[in-house]
Amino acid sequence: MKFEKNILCIGAGYVGGPTMAMIAYKCPLYKVTVVDIDSTKIASWNSDSLPIYEPGLDEIVEGARGRNLFFSTEIEKEIKQADIIFVSVNTPTKTFGSGAGMAADLQYWEKTAREIGQYAESPKIIVEKSTLPVRTALAMERILTSNDTRVHFEVLSNPEFLAEGSAINDLENPDRVLIGSRQTEHGLRARDELVEIYANWVPRERIITSDTWSSELSKLVANAFLAQRISSINSISALCEKTDANISEVAKAIGMDSRIGNKFLNSSVGFGGSCFKKDILNLVYLSRNYGLHESADYWESVVRINEYQTKRFVLNMLTSMFNTLVGKKVCLFGFAFKANTGDTRESPAIYIAKRLIEEKAELVVTDPKALKNAKIDLSGNESNVSYIEDPYEAAKGCHAIAVVTEWDLYRSLDYERIYRSMMKPAFIFDGRNILDHERLFEIGFNVFPIGKSKLTHF
Ligand SMILES: NC(=O)c1ccc[n+]([C@@H]2O[C@H](COP(=O)([O-])OP(=O)(O)OC[C@H]3O[C@@H](n4cnc5c(N)ncnc54)[C@H](O)[C@@H]3O)[C@@H](O)[C@H]2O)c1
């Protein structure tokens, strides 16, 4: 079969895999290939057991794989054949040298740019899918054209706004698709070509275009604003606990103001995930670089409040359980950074688990999808941690349960049965405020929600 377009994506991770699966699924006339340096990951994308869990992903991949969706490790060959190349490699926070702990580590991204420049023999549109510091497209252009200026590359910014756990729905019905380009003839033509791809299933009015720098910056700002809402409500949850106000009542009251809106107002143990912290710190680093220290301090405080909230949660466990956790069995309900994903990157569960181990507690971790990653995150602590998928078995004989991930499953468990199987007094720390606290208290638990009065029997 002759395809209309050859689309390539470099990076088969949480973004590259689902995004390309959706394009292939919606556009049978395009050939979509996803490549990665990690051959195990590619083998997994080609198997029945995909490397990531995402509701609805299996069906989309099955529908397109082998038809017009391909996963491969042949990077050189695929670069040569592609018309459009999405770059979706990881851009983690730098852990070394200048900007360590703040700036984006661009080594994977730069390596990809060099490879494209080295192997490409015909003009290509390069699409930045990864989240990058503003003005990265300029550096990309320079690297791409450093070997051979005869091949024309047009670099577009097309940041991805999907949220893990709802990625398929987000990709199928996005609030908006953003495409940034140079405002030149070549730039606008490349932009229109990318618009046409999305227009196969996204309504035109939701496909918005801008200059490249605004597009790159918009992604960092979107994540900063989302995280800022979480830190804002979490900072108030601490005040609620001191004053007997109820964070859910406060969130409801302010959320009904249409200027504020009711989304992202759930207080919790804090946000996790590979993006929020990294992207805010990137924004902070950029602001400082331009001498904008007040802006940098403002955004940095969002990360600090998040850390404070997770620390507060563990301290609350310690003080509530009579100031010692030594030898006590604590069960973590959930380890993923959010529900409906197996991803544990930057999950608050990692910090909570490590702190509890420091306090010499014995941990039992349960999670429907994230135990494999949890074992990697907590490796070296085998003697203090056990992993049990069944929450009833996991809670058996424990002194306390801490709800860390808001899996629906935990809302509907038989808590009378769980209570009977636990040590007494039995504690529940609901780090996501998803349980029926009054009911748990009636059963006999000592209940510690976030941002609400505790319910104790002593
Ligand atoms: N995860 C999210 O929810 C999300 C959402 C929006 C945007 N983003 C952004 O998208 C980008 C990718 O994120 P992710 O979560 O998919 O990361 P990931 O770590 O899951 O995937 C990145 C993949 O790129 C591969 N890779 C690295 N260097 C390569 C190279 N030179 N050639 C080929 N493959 C290479 C890695 O092996 C890895 O499989 C990041 O910039 C991230 O900030 C992520």
Side-chain angles (χ1 to χ4, degrees), residues 8-22 33-45 50-54 57 71-79 82 85-94 103-119 126-134 136 140 143 157-171 174-178 215-216 218-224 226-227 271-283 336-338 340-347 373 376:
L8 173 65
C9 176
I10 302 182
Y14 285 88
V15 168
T19 313
M20 292 303 122
M22 184 58 71
T33 308
V34 193
V35 292
D36 204 291
I37 36 173
D38 183 341
S39 55
T40 317
K41 201 176 267 188
I42 291 297
S44 181
W45 278 111
L50 301 184
I52 59 173
Y53 170 72
E54 196 54 67
L57 177 64
F71 295 93
S72 163
T73 49
E74 293 187 276
I75 300 180
E76 178 178 344
K77 179 183 136 213
E78 297 299 340
I79 288 176
I85 302 179
F86 287 81
V87 180
S88 187
V89 300
N90 37 328
T91 51
T93 303
K94 226 177 145 189
D105 181 349
L106 297 175
Q107 60 170 310
Y108 308 102
W109 166 88
E110 176 169 340
K111 189 162 177 285
T112 314
R114 285 183 187 279
E115 277 172 342
I116 298 172
Q118 186 182 350
Y119 301 131
I126 311 299
V127 185
E128 294 177 342
K129 241 316 158 208
S130 300
T131 305
L132 296 158
V134 57
T136 300
M140 184 114 187
I143 294 170
S157 160
N158 171 219
E160 184 48 61
F161 294 104
L162 69 76
E164 285 177 34
S166 57
I168 297 304
N169 185 50
D170 297 344
L171 288 166
D175 286 345
R176 79 314 207 175
V177 167
L178 173 60
S215 172
E216 288 177 334
S218 296
K219 173 63 195 179
L220 295 182
V221 175
N223 273 352
L226 289 169
F271 59 76
S274 64
C275 291
F276 281 179
K277 183 175 168 190
K278 152 178 96 73
D279 293 347
I280 295 177
L281 292 178
N282 191 343
L283 192 62
F337 85 91
K338 67 192 285 199
N340 300 320
T341 178
D343 193 355
T344 60
R345 291 179 291 179
E346 296 290 339
S347 176
N373 282 331
I376 298 169

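Side chains are part of it too, since the values below use all heavy atoms of this structure and drop only hydrogens, waters and symmetry mates. Each ligand, and each atom within it, is numbered from 1 in the order the structure gives.
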Does the N or O separation between Asp38 and ligand 1 drop below 3.5 Å for any pair? no

Less than 3.5 Å between some nitrogen or oxygen of Lys41 and one of ligand 1, yes or no? yes

Which atoms form the tightest heavy-atom contact between [X] and [Y], and what is the distance?
X	Y	answer
Met22	Ile168	CE-O, 3.6 Å
Ala227	Ile280	CB-CD1, 3.5 Å
Gly165	Glu54	N-OE2, 2.8 Å

Quick one: look at [X] and ligand 1, take heavy-atom pairs under 4.0 Å, and tell me if it's side chain, backbone, both or neither.
X	answer
Ile10	side chain
Arg345	side chain
Ala167	neither

Atom indices of ligand 1 within 4.0 angstrom of [X] heavy atoms, with elements:
X	result
Lys219	6 (C)
Leu162	3 (O), 5 (C)
Ser88	12 (C), 22 (C)

Looking at [Y], is its backbone amide N or carbonyl O close enough to the side chain of [X] to form a donor-acceptor pair, meaning the two atoms are under 3.5 Å apart?
X	Y	result
Ser44	Thr40	no
Glu160	Val15	no
Thr341	Lys338	no
Asn373	Gly342	yes
Asp170	Ala163	yes
Trp45	Ala12	yes

Using heavy-atom distances, let me know which of Ile37, Val89, Thr91, Ile52 sits nearest atom 11 (C) of ligand 1.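 Shortest heavy-atom distance from atom 11 (C) of ligand 1: Val89.
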
Heavy-atom proximity to atom 38 (C) of ligand 1, best of Asp343, Asp36, Leu106: Asp36

Measure the distance from [atom] to every protein heavy atom, then report the residue, atom name and distance (to 0.1 Å) of the closest one.
atom	value
atom 31 (N) of ligand 1	Thr112 OG1, 3.6 Å
atom 27 (C) of ligand 1	Asn90 OD1, 3.3 Å
atom 2 (C) of ligand 1	Glu164 OE2, 3.4 Å
atom 43 (O) of ligand 1	Lys278 NZ, 2.5 Å
atom 9 (C) of ligand 1	Thr131 OG1, 3.5 Å
atom 13 (O) of ligand 1	Val15 CG2, 4.1 Å
atom 6 (C) of ligand 1	Glu160 O, 3.1 Å
atom 21 (O) of ligand 1	Gly13 CA, 3.2 Å

Are a donor atom and an acceptor atom from the side chains of Thr93 and Lys277 found within less than 3.5 Å of each other?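 Lys277 and Thr93 do not have a side-chain donor-acceptor pair below 3.5 Å.
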
Does a side-chain heavy-atom distance below 4.5 Å link Phe86 with Thr19? no

